[in-house]
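See below for the structure under consideration.
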2 protein chains.
Amino acid sequence: MTTQSRATLADVAMLAGVSSKTVSRVFAGAGNVSSDTRERVLKAAKRLRFRPNNLARNLRRGGVTNTVAFVIGDLKNPFYFHVAAGIERELALRGLTMVLATTDDSPDSEERVVDALISQRVRALLLIPIADDQSYLEGERQLGTPVVSVDRPARNLVADSVVLQNRQGMADAVRSLTAIGHRRIGFISNPSAMYTQRERLAGYREALREVGVTETAQWERLDDDPDISPELAVQSLLDLPDPPTAIVAGNNRGSAGAVRVLRNLEPPVAFIGFDDFELADALDISVVAYDPMELGRTAARLALEHLADPDSFTKQVEIPTRLIHRGSGEIPPPR
Amino acid sequence: MTTQSRATLADVAMLAGVSSKTVSRVFAGAGNVSSDTRERVLKAAKRLRFRPNNLARNLRRGGVTNTVAFVIGDLKNPFYFHVAAGIERELALRGLTMVLATTDDSPDSEERVVDALISQRVRALLLIPIADDQSYLEGERQLGTPVVSVDRPARNLVADSVVLQNRQGMADAVRSLTAIGHRRIGFISNPSAMYTQRERLAGYREALREVGVTETAQWERLDDDPDISPELAVQSLLDLPDPPTAIVAGNNRGSAGAVRVLRNLEPPVAFIGFDDFELADALDISVVAYDPMELGRTAARLALEHLADPDSFTKQVEIPTRLIHRGSGEIPPPR
DNA sequence: ACAACTTCGGACAGCGCTGACATTTTTGTT
DNA sequence: AACAAAAATGTCAGCGCTGTCCGAAGTTGT
């Protein structure tokens, strides 16, 4: 007697001496069942260790599940999992569960992964677009599955989206540097081709243009090779004949690199990162911060709203950023 | 024509002029289908935007899914997330997906959450036990669902488990401190009641006993109130009339606090943390490190093994830890 | 005592798919 | 050309559940 089989409604019904429909009523919550029978059913269910089969229930109910999918490029990025935590939190409030799928940051696998999720009949789809084209989701959207694009807008697809105030956040950071006299400001970004980085770069240039600096190319280190360490990018800026007096980073990977290189430098180089990180306070690193959980919560909320009102218009939400002054961004230029 | 309904096998079959079973064969991969019909079917499926319904497939196949659940206390802890990443990675190799559920670190909700997952007919259950008793899973285990306990052993339940070398890892850290002369060594831990912390505490005491130090109570700061900051615990150690010359922390929360307090202290106090963290290298913090993803990968592998051979014996796996010397743990005691 | 109503419980079909088995078509062999 | 073997396709039932419809009790008022 190893692997006996699982009890079904019918088994419970038989043991309790009622019809399976009555058992169904007990477990579905609603329905007219006398407390007497209800108790008998529950007791029988307990004896048999019965658990309702959600697969069957969902199939019967029209083939939708209580599951929302979140498609991520790479789980190891702490940013993503804060977002995931926000999503999970928000979904749990509505009794929904989150499945997590990753594409390994490979555009090719995105459609494959999403396809598999749709086969699972997920209730909604939240994704951080990696591929250049999400038009393959158009059909699904028309069938009523909410699609929310997170952190970057989807391409060739009408979908709700939640992004950060990338441009303005970075511009604010750079402005706070120009305000205290910096003019030669470096910008490091890797990978630089993606939406968020392009936006932040635009913000950087915009803020410098406001103080009359238009030739920024020499101070931009835009890479798209994960093997190029941010440390290297920072160092190459410092090695310039006329090195920057301040540096900003496009993401927390860049910040980590910058921190390692810029510590104990004389004269000190001002620095502001994008994305807050653990111990940034202990290291006195100024950053453009935001609430990544809020990003997730908002994404989930958009999906739920769309579920509640399928004909609602597409929404674009921007999550605010704010500059946190901790010291590294307040270092004035030398002399 | 807003929300039209989803195409089924039968719809595709009709359009392609074949039986639904043939369409099923095409999508199930296997089966003998002439390339001629296959193409016709695929074309029809594409026209109708058909996606096989996994709900129905799984129900028909005996009520199991391709889904493995990972039950976590709190998603915001980066440690858990790396574990989750490892699980996801390993499962993806076998075509399985991971659903993530959280219990908000509340013992009460554990059973509720697990129950819901079982109703979803997850293929296996990986969980970080929070409650004091996992006996409620016994029935499920007998039905053949692999249950793997992660980071802590399950209680009152025979289940595979993957834990860290907590005791030995901490003992190694303390030994490396006693080796360079430290005798007054502080230990901070919060929450201290949980298995991992108790083990690490045991390792700490063991290593001190080896050098004849048996009265350690005064140097132990064992709290179970999340509101007590690790900074406070560290400070209270430093305020002792005879303060410790070295401090070890039971988790990375403690490390973050210790880093903040111990920086720029004169004379310096040696420190070793448990759990590596971002920028620990930049801060020269020595830690007991391990690979959290490996923890997840191993857990997933155990579940898969059990799935392959349901009668296999229960396994307990320990993930090795290693002491990383970065400077903070190599500071000798004063004089 | 009887109609009118409410409450409780059951019979049945079918959600979309696939396993077992049956049937037709194709291919190979002599 | 005749036949067997192999390949391709079809038929049918049913996975576990619930929506719909219906019947059998119990309850109330006159």
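Proteins come first, then strands; the chains are lettered A, B, ... in the order of their sequence lines, and each starts at number 1.
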Between [N] ([atom2]) and [X] ([atom1]): distance, integer Å:
X        : N      : atom1 : atom2 : result
A:Arg6   : D:dG16 : CZ    : C1'   : 12 Å
A:Leu55  : C:dG16 : CG    : P     : 14 Å
A:Gln120 : C:dC17 : CD    : C1'   : 15 Å
A:Arg51  : D:dC15 : CZ    : P     : 22 Å
B:Glu39  : D:dA8  : CD    : C1'   : 16 Å
B:Asn53  : D:dC15 : CG    : P     : 18 Å
A:Leu59  : C:dG16 : CG    : P     : 7 Å
A:Asn58  : C:dC17 : CG    : C1'   : 15 Å

Q.
Is it the case that atom CE in A:Met14 sees more than 12 heavy atoms from other parts of the structure closer than 6.0 Å?
A. no

Q. What pairs with A:Glu305 under salt bridge (Lys or Arg N to Asp or Glu O under 4.0 Å), at least two apart in sequence or on another chain?
A. A:Lys315

Any [X] side-chain N or O less than 4.0 Å from OP1/OP2 of [N]:
X       : N      : answer
A:Thr8  : D:dG16 : no
B:Asn32 : D:dA8  : yes
A:Thr37 : C:dG9  : yes

Q: First locate atom CZ of B:Arg51, then atom OG1 of B:Thr8, and finally report the distance between them rounded to the nearest 0.5 Å.
A: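 Interatomic distance, B:Arg51 CZ to B:Thr8 OG1, rounded to 0.5 Å: 15.0 Å.
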
Q: Supply the atom-to-atom distance B:Leu126 CG to B:Met98 CE, rounded to the nearest 0.5 angstrom.
A: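 If we round to the nearest 0.5 Å, B:Leu126:CG and B:Met98:CE are 9.0 Å apart.
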
Q. For the side chain of A:Thr22, counting heavy atoms from C-beta on, which of D:dT9, C:dC15, C:dG10 is nearest?
A. C:dG10

Can you give each donor-acceptor pair under 3.5 Å made by side-chain atoms of residues 56-71 of chain A, sequence neighbours left out, with the distance rounded to 0.1 Å?
unit_1  : atom_1 : unit_2   : atom_2 : d
A:Asn58 : ND2    : A:Asn54  : O      : 3.1
A:Thr65 : OG1    : A:Thr67  : N      : 3.3
A:Thr65 : OG1    : A:Arg121 : O      : 2.7

Q: With sequence neighbours left out, write down each residue that passes ring-ring contact (aromatic ring centres under 6.0 Å, His included) with B:Phe27, or none if nothing qualifies.
A: B:Phe50

**Q.** Side-chain H-bond candidate by donor/acceptor type, A:Thr298 with A:Glu294, under 3.5 Å
**A.** yes

(Q) Tell me which pairs pass salt bridge (charged side-chain N to carboxylate O under 4.0 Å, His left out) where either residue lies in residues 94-103 of chain B, with sequence neighbours left out. (A) B:Glu90-B:Arg94

Q) In the 5'-to-3' direction, what one-character label does each nucleotide of nucleotides 18-28 of chain D receive under the scheme B = base within less than 4.0 Å of a protein heavy atom, S = sugar-phosphate only, - = no such atom? A) BB---------

(Q) Taking A:Glu140 first and then B:Arg6, would you say they form a salt bridge - that is, a charged N and a carboxylate O separated by under 4.0 Å? (A) yes

I'd like a table of atom pairs between the protein and nucleotides 24-28 of chain C - only N or O on both sides, under 3.5 Å - with the distance next to each one.
none

